[in-house]
Number of protein chains: 2
Amino acid sequence: MVSEKTVERLSLYRRILQQLRVEGKETIMSHELANLLHIKPAQVRRDIMQLGYSGIPNSGYKIRPLLESIANFLDSPLPQSAVLVGVGHLGLALLANFAGRWRQLAIRAAFDKDPSKVGQTFHGCRCYPMYDLQKVIAETKSVVGILAIPGENAQSICDTLVQSGISGILNFSPLRIKVSENVFVEHVDLSATFEKVSFFARRMKHYAEEEKWKMENETTDDEYETIITKQ
Amino acid sequence: MVSEKTVERLSLYRRILQQLRVEGKETIMSHELANLLHIKPAQVRRDIMQLGYSGIPNSGYKIRPLLESIANFLDSPLPQSAVLVGVGHLGLALLANFAGRWRQLAIRAAFDKDPSKVGQTFHGCRCYPMYDLQKVIAETKSVVGILAIPGENAQSICDTLVQSGISGILNFSPLRIKVSENVFVEHVDLSATFEKVSFFARRMKHYAEEEKWKMENETTDDEYETIITKQ
DNA sequence: GTATAATTGTGAATTCTTGAACAAATTATA
DNA sequence: TATAATTTGTTCAAGAATTCACAATTATAC
């Protein structure tokens, strides 16, 4: 019904709106939000439409109720828990960001196969041994699992997560895991992303240089056409 | 000409193919790659087509030359450098992954406003003060900038990066930065991603429970129709 | 009040991406 | 050597996401 992209944007709208609210702003118009995110106003209106919330023509949206609508739509009524598998560098960074309660959502437990990490607390989050996965997920009633591990065991760990009741997985491992159709997976592949940026950076540079060349050898299409037809 | 999605997938193909090659495999067929990534074979063939490389009907693709084609397409002929701004938890994790040479691509310098970090070396990468940005980018001929900072100064730092010659930005900050059209930006918003996964996890769970309910109250559409028409 | 200007909500058009399908090509096999 | 079987390259259709464009609606100015 609602698309992934819409959900992502709603999350962005919320962050911006919260900031604007503390700055004292009370209403906002679609093109303002659009400008902040560099998207088109129609997109903003469409997304907000899906919330069921209505703006006021010639006046915009009231921020406070709009925020309520977004929260209503995005957030679980009850606080929602996540578990992290893999307390490496990336895992630690994620804990630093999401271990403390963050909205209705927080990482509640971490797991690592390294015995020296088990038992420790990182950013307020306890690290358990891998064989406690099922138990701790049940205890914390977690629904989200975050994989911050190398690819090797990703699939089997993922299977354990799903068996334990996890229905959403945020996968930072390079392996594309397979899940049954009633589990949601988001792949975040930092290596691939890095490569992509590098690829397009190079292209942009080439493009810019071509443009520069064109500018310097100022020959408009019109002039060019003239040259051709004159022959 | 070539889409972002295609570039991303080519990067994934490469990683898989490299692995398969060390395992001794010499050829691969589109459906094999497709199965590993859970996409359709036609997509794989399409992507490979764009490389200009041709497979062999009834036999597949030869892995070694295919890998060469991908490298030819994705990689810069010269090693390409990136700089990282923000040596917080996330920045450190990125350095741990990408500071050493990684393919033709590496993070060559880091920057932080915290004086206690400046001068230190993290995962083999030196940390410079912010005001050295322009100089170090020029020296390292970097084309990619990675922003791993909070949103506040993201725009002004981004502007500096672009002025210094950066043409690709990987932005982990929550702010959607604005750049001229000849600069490529990729936003990776971990908070929004986390929220998205949480949202769909909840939905999947609901969906699964509905399905379960349907199963338990076993009434097929046919039976239902029968009941109706019998009345 | 009335007219004007501006903004929303949304159907239609457009663009981008994916999938299905099949001819052409190639290997394997009888 | 001919036949069958299989996989590629590619066209065309389908699907998804975005953008346009405009009627409906509301605030504001006069």
Side-chain angles (χ1 to χ4, degrees), chain A residues 1-13 17 20 25-66 69-70 73 176 181 184-187 192 196 200 203, chain B residues 1-13 17 20 25-67 69-70 73 176 181 184-187 192 196 200:
Chain A
M1 181 64 202
V2 62
S3 79
E4 286 188 40
K5 308 243 179 184
T6 295
V7 171
E8 275 175 19
R9 281 189 300 263
L10 286 171
S11 176
L12 303 184
Y13 300 157
L17 291 171
L20 292 176
K25 200 165 165 59
E26 294 194 341
T27 68
I28 192 161
M29 292 183 296
S30 60
H31 70 263
E32 297 181 87
L33 265 178
N35 287 342
L36 287 169
L37 292 171
H38 314 116
I39 59 180
K40 295 284 181 287
Q43 184 77 75
V44 174
R45 295 202 292 275
R46 267 204 138 62
D47 290 336
I48 291 178
M49 215 177 52
Q50 302 215 35
L51 298 173
Y53 181 72
S54 275
I56 301 156
N58 199 24
S59 163
Y61 302 89
K62 293 192 174 175
I63 291 183
R64 192 183 300 260
L66 176 53
S69 293
I70 296 178
F73 185 83
R176 297 280 153 151
E181 66 166 9
F184 179 85
V185 179
E186 174 78 9
H187 295 277
K196 182 173 90 168
F200 284 105
R203 278 198 136 212
Chain B
M1 181 61 204
V2 63
S3 79
E4 286 188 41
K5 307 241 180 185
T6 295
V7 172
E8 275 176 19
R9 281 188 299 262
L10 286 172
S11 175
L12 302 186
Y13 300 157
L17 291 171
L20 292 176
K25 201 165 165 59
E26 295 194 342
T27 68
I28 192 162
M29 293 184 295
S30 60
H31 71 263
E32 296 180 87
L33 265 177
N35 287 342
L36 287 168
L37 292 170
H38 313 116
I39 60 180
K40 295 286 180 285
Q43 184 75 73
V44 174
R45 295 201 292 274
R46 248 197 175 34
D47 291 334
I48 292 178
M49 215 177 53
Q50 303 215 33
L51 298 173
Y53 181 72
S54 274
I56 301 156
N58 199 24
S59 163
Y61 301 90
K62 292 192 175 175
I63 290 182
R64 191 183 300 260
L66 176 53
L67 273 169
S69 293
I70 296 178
F73 185 83
R176 298 279 154 152
E181 65 167 10
F184 179 85
V185 179
E186 174 78 9
H187 295 278
K196 182 173 90 169
F200 284 104

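Here is the naming used below: chain letters follow the sequence lines, and residue numbers restart at 1 for every chain.
Summarising the base pairing, D:dT28 is matched to C:dA3 through a Watson-Crick or G-U wobble pair whose two defining distances lie under 3.5 Å.
Across all non-hydrogen atoms, the minimal contact from B:Ile56 to B:Lys62 is CD1-CE, 3.9 Å. Looking at every heavy atom in both residues, B:Thr27 comes nearest to B:Ser59 through OG1-O, 4.1 Å.
With the nearest nucleotide of DNA chain D identified for both A:Ile56 and A:Ile39, A:Ile39 has the one nearer the 5' end. Mapped onto DNA chain D by nearest heavy atom, A:Lys5 and B:Arg45 fall at different nucleotides, with B:Arg45 at the one closer to the 5' end.
A heavy-atom distance below 4.0 Å to DNA chain C is reached by none of the residues of residues 27-36 of chain B.
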Sort me out a list of protein N/O and nucleotides 11-13 of chain C N/O pairs below 3.5 Å, or just none if empty.
| residue | atom | partner | partner atom | Å |
| --- | --- | --- | --- | --- |
| C:dG11 | O6 | A:Arg46 | NH1 | 3.0 |

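A donor-acceptor pair is defined here as one N or O able to donate and one able to accept, closer than 3.5 Å; no such pair exists between the side chain of B:Thr6 and the backbone of B:Val2. A donor-acceptor pair is defined here as one N or O able to donate and one able to accept, closer than 3.5 Å; such a pair exists between the side chain of B:Glu32 and the backbone of B:Met29.
The distance from atom CG of B:Asp47 to atom P of C:dT18 is 8 Å, rounded to the nearest whole Å. Rounded to whole Å, the distance from CD on B:Glu8 to P on C:dT17 is 11 Å. Going from atom CG of B:Asn58 over to atom C1' of C:dT26 covers 6 Å, rounded to whole Å. What separates OH of A:Tyr61 from C1' of C:dT7 is a distance of 9 Å, to the nearest Å. A:Ile48 has its CD1 atom 13 Å from the P atom of C:dT10, to the nearest Å. In this structure, CD of B:Glu4 is placed 15 Å from C1' of C:dT15, rounded to the nearest angstrom. Here the P atom of nucleotide C:dG19 and the CG atom of B:Leu37 are 12 Å apart, to the nearest Å. The distance from atom CG of A:Leu66 to atom P of C:dT8 is 11 Å, rounded to the nearest whole Å.
If you take CD1 on B:Ile39 and CZ on A:Arg176, they are separated by 9.0 Å, rounding to the nearest 0.5 Å. Between atom CD1 of residue A:Ile48 and atom OG of residue A:Ser30 there is a gap of 7.5 Å, rounded to the nearest 0.5 Å. The CG atom of B:Leu36 sits 6.5 Å away from the CG atom of B:Leu20 when rounded to the nearest 0.5 Å.
Within the 4.5 Å cutoff, side-chain heavy atoms of B:Lys196 are placed close to those of A:Phe184. For the pair A:His31/A:Lys40, no side-chain contact is recorded, criterion being any heavy-atom separation below 4.5 Å from C-beta on. Two residues are said to be in side-chain contact when any heavy atoms from C-beta on lie closer than 4.5 Å; A:Val44 and A:Leu37 fail this criterion.
Nucleotides of DNA chain D with any atom under 4.0 Å from a heavy atom of chain A span, from 5' to 3', D:dA17 to D:dA27.
One finds no salt bridge joining A:Arg64 and A:Glu26 here, because no Lys/Arg side-chain nitrogen approaches an Asp/Glu carboxylate oxygen to under 4.0 Å.
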